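Right, one structure below, let's go through it.
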There are 2 protein chains.
Amino acid sequence: MASDIEIARAASMQPINEVGEKLGIPPSALENYGKTKAKVRADFIETLKDRPDGKLILVTAINPTPAGEGKTTTTVGLGDGLNRIGKKAAICLREPSLGPCFGMKGGAAGGGHAQVVPMEDINLHFTGDFHAITSAHNLLSALIDNHIYWGNELEIDPRRVVWRRVMDMNDRALRQIVCSLGGVANGFPREAGFDITVASEIMAILCLATDLDDLQRRLGDIIIGYRRDKTAVTARDLNADGAMTVLLKEAMQPNLVQTLENNPAFIHGGPFANIAHGCNSVIATQTALKLADYVVTEAGFGADLGAEKFFDIKCRKAGLEPSAAVIVATIRALKMNGGVKKDELGAENVAAVKQGCANLGRHIDNVKQFGVPVVVAINHFSGDTEAEIAAVKAYATEHGVEAVLCRHWADGSAGTEELARKVVQLVENGGAQFGPLYSDDMPLFEKIQTICRRIYRADDAAADKAVRDQLKKWTEDGFGNLPICMAKTQYSFSTDPNLRGAPTGHIVPIREVRLSAGAGFIVVICGEIMTMPGLPRVPSANHIRLDEAGLIEGLF
Amino acid sequence: MASDIEIARAASMQPINEVGEKLGIPPSALENYGKTKAKVRADFIETLKDRPDGKLILVTAINPTPAGEGKTTTTVGLGDGLNRIGKKAAICLREPSLGPCFGMKGGAAGGGHAQVVPMEDINLHFTGDFHAITSAHNLLSALIDNHIYWGNELEIDPRRVVWRRVMDMNDRALRQIVCSLGGVANGFPREAGFDITVASEIMAILCLATDLDDLQRRLGDIIIGYRRDKTAVTARDLNADGAMTVLLKEAMQPNLVQTLENNPAFIHGGPFANIAHGCNSVIATQTALKLADYVVTEAGFGADLGAEKFFDIKCRKAGLEPSAAVIVATIRALKMNGGVKKDELGAENVAAVKQGCANLGRHIDNVKQFGVPVVVAINHFSGDTEAEIAAVKAYATEHGVEAVLCRHWADGSAGTEELARKVVQLVENGGAQFGPLYSDDMPLFEKIQTICRRIYRADDAAADKAVRDQLKKWTEDGFGNLPICMAKTQYSFSTDPNLRGAPTGHIVPIREVRLSAGAGFIVVICGEIMTMPGLPRVPSANHIRLDEAGLIEGLF
């Protein structure tokens, strides 16, 4: 059995200009980064404005388990499958973060025969987007302390600076620091800290901005901190928005690469799926929709978090109208949702599969609430039995949707032909009538309650007075029309990660709310959210190196 | 009069593949970064090994003054001039740092009609080399604290960690911090800090490494800190060298761009010229020498620092044999060296020019000590008078060298034809007999004394017992054969920045010595050296933005 990296290296990549030509992108519209990566130029994207949009397909999943679901591989496989049956299709994925590659996580470019390439590049520096975000973020941080140093004309309260610094590295030592030590020349000592770059609000902004003007406006709206009277100070007040936009000019252009089957793949942006919305960039998705008849994209975590934010934040704000959704499930993950322990997944257990289907069923119902037709993709693992697969198919039918077995990991597009045909059928039936879950003008706390009740199926959301007062204050300040970005555990509909399946009767306690005024959403935090990971005892960095042929080993 | 940026934007750039073809680089050997930037592939460089080398020309200068000397413009102008007279010539420059662009410094890509383009890209993210260095550096930092966190098997003394973190940003608040605050999960609190990326030892290592194997060996040799018994812990002990090499794989490949006259320019690496050696990468210089008949390169600051380190560190270690040196002077800077104040530079003052020539004369003598023939380039400013120019020419003749007037800023290569012919004449005369100033086996303190006496013309170097003991200890540990990297003010031969001209009778006090075991030199610090700059009261970031046409304004 070939490993992911062996398969990727055996792939015959096409020059990226040829991949672009499949979508009608002329070579002059591509800024090449080596032979197999390119950015699509903003001036070309501008010319596409009046073209009709293709059909947008969301790939989402049941609640994740340690057994793995394969959302990215299914996105890649479905894109290849659509191309295989003669459709002009492209996929849109998120860019992976560099930091975690040196911890324990492998790459994030698909797997088996459903991968995007060149996978090493994609997982490391790629086209430098995350480095540009890091630079823009830390420029703003430096300008804040510099402003205070030179007299603090804006009267920023150093205790109320909320804009931290970022680094694309897992470095727990930087989570909480005291900066500006060492005397007069180094400023006023204060508490500060670093997040990982993907947690930067700038990452979310880049992924929601529709063009450079919108980017600059959003960057200017960022709230960097507060005065003693609690009035907000923005990046615009510091005259930082222009320089930050300059740093992000190239990063705003979508990246084009290819699948193992040489089909076009846009990989652009990668915000956290908890404190941010967890989708690839709007500009990549919109560009793909202008160029392809079918665009397949994914959202982070399970459908309770990822799909809800995709619909209520990304689609609402960008005016996107998804035509269908694929919910990925595996027999193994359904078994875990049905109560089976990880080391007992090898044995056939139809009863557990049936029980675990409650999780799948709830996600099906949830997605349908948004007016988007659903198909279930059963991502095949070699140990799955026919009885188990039949149980899922029967359950789906009961829920009025179809479940299709997919073998893209083993067989590439040959393994997703059926899924592709089913998706085309759903789209051509024209059943989609997309609408978000709540209206813009619903009061903020009601929006939170709506998500908790209608998506998480909780009895209610609970928040103490401070949280409610904060929401009231933001409403008075004109932020009441923003959508909600929930940050809770991805492992359960509830806030208890061990509560798999389809729990009911729970309450969702709100610990904290944060305003991302530039990204344009209110972050609602339930439980502990880590924004700067650490490295494990034996980090994979210990084993990553170039082999004698100059190839990277240990990265995957 | 057109500004630098207007001239640069009016330039007609050639596709970078065509620029590469002028040096016989096939398109397959270039990794394009957009249409006008490329990296030269390592596998192609490998095939050049057995070719003969072209001639290497160093451009250096008198001691810098606020009046400006124009070393980079002269390097560009001379390269264009050599091409103009029919020679196959390339230039090798350092990459500018991103951070200072947002402070007060403009770009660093030449000026007038002697520039390298695309200048905005070169000054901002370029091909991502500095971002890769930042990542590799901070990965090592994270691995150090992670090692301590998980039990500290290597028994690193947290008080003796000498490896800091880096950021390519002017951020004084990060100079001195306390990290790992916030409790058990965040590690053991300790004092730490950030330098700007160009001050990273990895920058120096990248610029001195001859290939990826050498790079990894040097990265492994980095001393990250000491145990309580003062024995050293290296990056290799932490198993970090392999992963760092992987992060630097692309960054090790030289970048190719072009001058305004479409001649090839390698821009690669940019180490500090005080705590490091201040030259572009060995690999870029060696590659250029295999491809061009003439290679023009520059070194940081004046000849006392830049040329000495170029000869004693870069050339010694890489086995380079420079054929000639150009010492750049301006009438204005000579006047300042002759005692004229900056606001009085407008008036003709032949006496001051003559007096300032003492500074030039000493640099001429110094460079000759290395066995390298010299020509003086008078970089013309519009206010220079004929009498002033004649005075410099006469002075040079007395010193047995020629001084040539250059007008590349105004006229491009037409303004450096005479200089180019003179350089060719020097080279063809074959007068060079390069040798470093001191031998590898000279004791470390004697090496320092030799530089102070023979280059700075000081009476002696002074160091207290702690410094001498440290040098003795390093000698016992096997580092006695390393060259010296002096870090002192660039404005004077002495350690007093106000002592212009050609001071004598001074003593050079050594404040501190540092071992850069990976880069392979001993840093000798005289006076205060700043490794993390701050931003000014009104940083240029306030004015940098995209104009309505999408062009960057305020950067230059």
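A, B, ... follow the sequence lines: proteins, then strands. Residue 1 opens every chain. Keep in mind it's a predicted model, so treat the numbers as computed, not measured.
Leu212(A) pairs in a side chain to side chain contact (heavy atoms under 4.5 Å, CB included) with only one of the listed residues (Leu248(A), Val246(A), Thr245(A), Ile283(A)), which is Thr245(A). When each of Asn138(A), Asp129(A), Thr134(A), Asp168(A) is checked for a side chain to side chain donor-acceptor pair (under 3.5 Å) with Thr197(A), only Thr134(A) meets the rule.
Comment: Arg9(B) engages Glu120(B) in a salt bridge, judged by a side-chain N to carboxylate O separation of less than 4.0 angstrom. Between Arg217(B) and Asp241(B) there is no salt bridge, since none of the side-chain N atoms of the basic residue sits less than 4.0 Å from a carboxylate O of the acidic one. A salt bridge does not link Asp145(B) to Arg172(A): none of the charged nitrogens lies less than 4.0 Å from a carboxylate oxygen.
Heavy atoms closer than 4.5 Å to chain B are found nowhere in Ala240(A), neither backbone nor side chain. Only the backbone of Pro536(A) comes within less than 4.5 Å of a heavy atom in chain B; its side chain stays farther off. Only the side chain of Arg165(A) comes within less than 4.5 Å of a heavy atom in chain B; its backbone stays farther off. With a 4.5 angstrom heavy-atom cutoff, Lys39(B) does not touch chain A via any of its atoms. Residue Phe188(A): no heavy atom, backbone or side chain, is found under 4.5 Å from chain B. Of the two parts of Pro27(A), only the backbone, made up of N, CA, C and O, holds a non-hydrogen atom closer than 4.5 Å to a non-hydrogen atom of chain B. In this structure, no portion of Glu191(A) lies under 4.5 Å from any heavy atom of chain B. With a threshold of 4.5 angstrom between heavy atoms, Gln216(B) approaches chain A through side-chain atoms but not through N, CA, C or O. Contacts between Ala38(A) and chain B at a heavy-atom distance below 4.5 Å are absent for every atom of the residue. Neither the backbone nor the side chain of Asp213(B) comes within less than 4.5 Å of any heavy atom of chain A. For Lys37(A), no part sits under 4.5 Å from any heavy atom of chain B, backbone or side chain.
Note: Ala185(B) leads Gly193(B), Ala251(B), Pro539(B), Ala185(B) in heavy-atom pairs under 4.5 Å with chain A. Options Leu247(B), Asn170(B), Leu143(B), Asp43(B) differ in how many heavy-atom pairs under 4.5 Å they form with chain A, and the most are formed by Leu247(B). Counting heavy-atom pairs closer than 4.5 Å to chain B, the top-ranked of the candidates Glu31(A), His131(A), His543(A) is His131(A). The candidate from Ile148(A), Val538(A), Asn146(A) with the greatest count of non-hydrogen atom pairs under 4.5 Å with chain B is Asn146(A). When each of Gly187(B), Gly534(B), Ala132(B) is checked for heavy-atom pairs under 4.5 Å with chain A, Ala132(B) comes out on top. Here Asn32(A) is the residue among Leu124(A), Leu238(A), Asn32(A) with the most heavy-atom pairs under 4.5 Å with chain B. When Asn542(A), Asn239(A), Leu535(A) are compared by the number of non-hydrogen pairs under 4.5 Å with chain B, Leu535(A) comes out ahead. Ranked by heavy-atom pairs under 4.5 Å with chain A, the list Gly183(B), Gly128(B), Ser28(B) is led by Ser28(B). Taking Leu181(B), Leu546(B), Leu174(B), Leu30(B) one by one and counting their heavy-atom pairs under 4.5 Å with chain A, the maximum is reached by Leu181(B). The residue among Arg537(A), Met169(A), Arg545(A) with the most heavy atom pairs within less than 4.5 Å of chain B is Arg537(A). Across Thr127(A), Leu98(A), Asp121(A), Ile544(A), the residue that shares the most heavy-atom pairs under 4.5 angstrom with chain B is Ile544(A).
Counting only distance, with no hydrogens or angles, the side chain of Ser141(A) and the backbone of Arg164(A) share a donor-acceptor pair below 3.5 Å. Between the side chain of Trp163(A) and the backbone N or O of Ala235(A) there is no donor-acceptor pair closer than 3.5 Å. Under the 3.5 Å distance criterion, the side-chain polar atoms of Ser540(B) are matched with a main-chain donor or acceptor of Gly103(B). Counting only distance, with no hydrogens or angles, the side chain of Gln253(A) and the backbone of Ala42(A) share a donor-acceptor pair below 3.5 Å.
Residues Pro96(B) and Phe126(B) form no side-chain contact, since every pair of their non-hydrogen atoms from C-beta on lies 4.5 Å or further apart. Residues Asn186(A) and Tyr149(A) form no side-chain contact, since every pair of their non-hydrogen atoms from C-beta on lies 4.5 Å or further apart.
If you take CG on Leu219(B) and OG1 on Thr234(B), they are separated by 11.0 Å, rounding to the nearest 0.5 Å. Summarising the geometry, atom OG1 belonging to Thr531(A) is positioned 9.5 Å from atom CD1 belonging to Ile196(A); distances are rounded to the nearest 0.5 Å.
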